[in-house]
Amino acid sequence: MRIEVYNDSKKNIWDEFIARSKNGTFLFLRDYMDYHRDRFTDHSLLICDDESRLAALLPANIKGTTFISHGGLTYGGFITDAAMKAPKMLRVFEAALLYLKSISIERFIYKTIPHIYHGIPAEEDRYALYLCDAKFIRRGVLAVIDARQRLPFQDRRRRGADKAVKNGLVVRQSGDFAEFWEILKRNLKERYNTIPVHSLEEITVLHSRFPDNIKLFGCYKGEELIGGVVIYESQRVAHVQYIAASDAGRQLGALDLIFSSLVTEVYNQKPFFDFGTSDEDDGYILNKGLIDQKEGFGARVIVHDHYEIRLSEWEPTKIRKAIDDRANSYMRKCDFRKLSYEEDFNSCAGLL
């Protein structure tokens with residue numbers, strides 16, 4: 001395996017691999033990743049196999065002696081294509097970790113990609129993390145609707161949507177990002193004393209670059225925007241990035257009407273509708289009001305896991321043992337019932 005650090009000359013190669021990958025989304029395209037390059041020291045990796053073919057990408061940044069996949073993205077991890085199989089992933093992990101040790105990285109924070117974003121199964125990295133003794137450090141709670149098994153809305157969610165219709169509210173795709181951002185900023189300030197992850201300028205630029213992926217759906221009373229939802233749309237998932245409503249919008253059921261429209265009409269053919277996280281403090285606090293609202297539309301929980309590998313404590317022994325042909329051949333042929341524990345251990349150890 002050969003490791004290369006990303007630079008702008010590799011943009012086309014990178015983006016082409018994302019497009020044919022089995023678990024990549026538009027968030028990993030360089031026109032999205034690089035919008036905040038001034039805030040992160042990018043150190044994304046390209047991993048080539050022993051025949052010089054691109055085997056995997058790893059979107060990542062460095063912060064001090066910590067390597068993160070990627071600090072500016074909701075999810076991350078190795079991006080792979082259909083050619084990736086379990087033994088190759090173990091070799092990719094080994095090569096990447098040896099490289100990180102060589103540049104004096106002490107911690108590797110690995111964000112997984114939730115399975116709902118996978119075009120075909122792509123959890124080879126989970127097995128590699130296990131063999132690397134990765135420490136489980138965070139579990140996020142995602143509220144998701146599976147179109148194959150759609151659950152009915154709770155009565156209060158239906159009543160909210162009906163109330164909005166009776167009051168003349170309508171939902172439509174909108175370009176009023178500036179107006180929506182004022183509502184969003186006010187909501188976040190009042191409720192959580194925080195600000196949106198993206199500035200208005202950033203979301204406007206990203207929308208212009210990815211108009212088919214980043215969409216604002218607004219709820220209007222006449223010409224007044226009183227609520228809205230920003231959707232990040234990928235091939236298999238419609239993900240809720242931002243939600244906000246004015247005081248009038250909350251009183252009139254604006255968000256109930258928006259989500260009713262999105263779930264049952266706009267995205268009723270999309271395999272998954274992801275309301276996003278409902279946890280705080282690295283997953284240790286569940287926002288009960290928020291998760292209750294999302295589950296009221298028929299969403300149920302999947303989890304999003306983060307891991308940490310301490311490079312000073314990591315050795316490739318377990319990975320090499322897992323894919324060592326001699327050891328595997330010995331394990332298949334040997335009848336351990338005829339050996340003592342010491343004979344068993346010594347025989348296997350001698351092969352590695």
Side-chain angles (χ1 to χ4, degrees), residues 1 3-4 6 10-33 42 44-49 53-61 67-97 108-132 134 136 138-140 142 144-148 210 212-214 231-241 270-274 276-277 302-307 309:
M1 293 287 169
I3 305 291
E4 296 182 22
Y6 175 82
K10 298 180 173 65
K11 180 178 185 294
N12 289 340
I13 295 173
W14 180 283
D15 285 351
E16 288 169 3
F17 189 88
I18 296 295
R20 69 172 188 271
S21 69
K22 63 179 180 176
N23 61 343
T25 68
F26 77 96
L27 269 68
F28 300 120
L29 295 173
R30 296 311 308 196
D31 282 341
Y32 188 95
M33 287 185 61
D42 191 274
S44 299
L45 303 180
L46 300 88
I47 299 91
C48 298
D49 62 22
R53 291 178 298 198
L54 187 56
L57 303 176
L58 183 58
N61 68 285
F67 185 83
I68 309 166
S69 71
H70 176 296
L73 300 176
T74 305
Y75 45 82
F78 281 104
I79 312 300
T80 60
D81 62 12
M84 179 57 69
K85 299 178 182 178
K88 181 184 283 189
M89 176 55 78
L90 298 186
R91 294 195 294 271
V92 165
F93 247 88
E94 179 185 6
L97 296 184
F108 179 15
I109 305 300
Y110 189 92
K111 299 179 181 180
T112 59
I113 301 173
H115 71 268
I116 58 175
Y117 291 91
H118 299 178
I120 59 176
E123 294 191 355
E124 298 88 358
D125 59 343
R126 310 303 204 275
Y127 180 52
L129 287 163
Y130 167 68
L131 293 178
C132 291
F136 178 65
R138 190 191 188 321
R139 171 159 281 174
L142 306 183
V144 175
I145 293 175
D146 185 337
R148 298 168 300 181
F210 301 97
D212 294 331
N213 302 105
I214 300 176
I231 293 290
Y232 273 26
E233 181 179 345
S234 55
Q235 184 177 0
R236 293 175 52 78
V237 182
H239 167 73
V240 176
Q241 185 71 13
K270 187 71 70 172
F272 298 101
F273 189 91
D274 173 16
T277 60
I302 69 166
V303 295
H304 179 207
D305 294 341
H306 297 190
Y307 295 85
I309 298 174

Check side-chain contact (heavy atoms from CB on, under 4.5 Å) between [X] and all other residues, then give those that pass, not counting sequence neighbours.
X    : value
D42  : Y6, R30, M33, S44, H70
S234 : T25, Y117, V237
P271 : R236
H115 : H118, E123, I302

Heavy-atom pair of closest approach, residues [X] and [Y]:
X    : Y    : value
G71  : I68  : N-CG2, 3.6 Å
K11  : D31  : CE-OD1, 3.4 Å
L54  : L46  : CD1-CB, 3.8 Å
H304 : T112 : NE2-O, 2.7 Å
I113 : R126 : O-NH2, 3.1 Å
L45  : F67  : CD1-CZ, 3.9 Å

Exercise. Side chain to side chain contact (heavy atoms under 4.5 Å, CB included) between D146 and I116: does it pass, once the steps are laid out?
Worked result: CA-CA 9 Å; D146 185 337; I116 58 175; over 6 Å; no
For this session: Mind checking salt bridge (charged side-chain N to carboxylate O under 4.0 Å, His left out) for R53 and listing every partner two or more places apart, or none if nothing turns up?
Result: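 With sequence neighbours excluded, R53 shows a salt bridge (charged side-chain N to carboxylate O under 4.0 Å, His left out) to D49, E51, given in chain and number order.
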Exercise. Above 12 or not: heavy atoms from other molecules or residues under 6.0 Å from CD of Q235?
Worked result: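 Check fails, neighbour count at 12 or below.
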Exercise. Ignoring hydrogens and geometry, is there a side-chain-to-backbone donor-acceptor pair from S69 to G76 under 3.5 Å?
Worked result: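 No; judged by distance alone, with no hydrogens or angles, the pair does not exist.
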Could you tell me the separation between the [atom1] atom of [X] and the [atom2] atom of [Y], rounded to the nearest 0.5 Å?
X    : Y    : atom1 : atom2 : value
L142 : H239 : CG    : NE2   : 8.0 Å
N213 : Q241 : CG    : CD    : 12.5 Å
L27  : L73  : CG    : CG    : 5.5 Å
R139 : T277 : CZ    : OG1   : 14.5 Å

Does the side chain of [X] reach to within under 4.5 Å of the side chain of [Y], using non-hydrogen atoms?
X    : Y    : answer
F136 : D305 : yes
R148 : F272 : yes
I13  : F17  : no

Exercise. Yes or no on side chain to side chain contact (heavy atoms under 4.5 Å, CB included) for T74 and K111, after CA distance, side-chain angles and deciding distance?
Worked result: CA-CA 8 Å; T74 305; K111 299 179 181 180; over 6 Å; no
For this session: Could you walk me through whether L57 and F28 pass the side chain to side chain contact (heavy atoms under 4.5 Å, CB included) test, one step at a time?
Result: CA-CA 10 Å; L57 303 176; F28 300 120; over 6 Å; no
Problem set entry | Residues F26, D212; criterion side chain to side chain contact (heavy atoms under 4.5 Å, CB included); working and verdict | CA-CA 10 Å; F26 77 96; D212 294 331; over 6 Å; no
When the side chains of residues 78-97 are checked against the rest of the protein, which donor-acceptor pairs come out under 3.5 Å, sequence neighbours left out?
{"from": "D81", "atom 1": "OD1", "to": "A83", "atom 2": "N", "distance (Å)": "3.1"}
{"from": "E94", "atom 1": "OE2", "to": "R320", "atom 2": "NE", "distance (Å)": "2.5"}
{"from": "E94", "atom 1": "OE2", "to": "R320", "atom 2": "NH2", "distance (Å)": "2.7"}

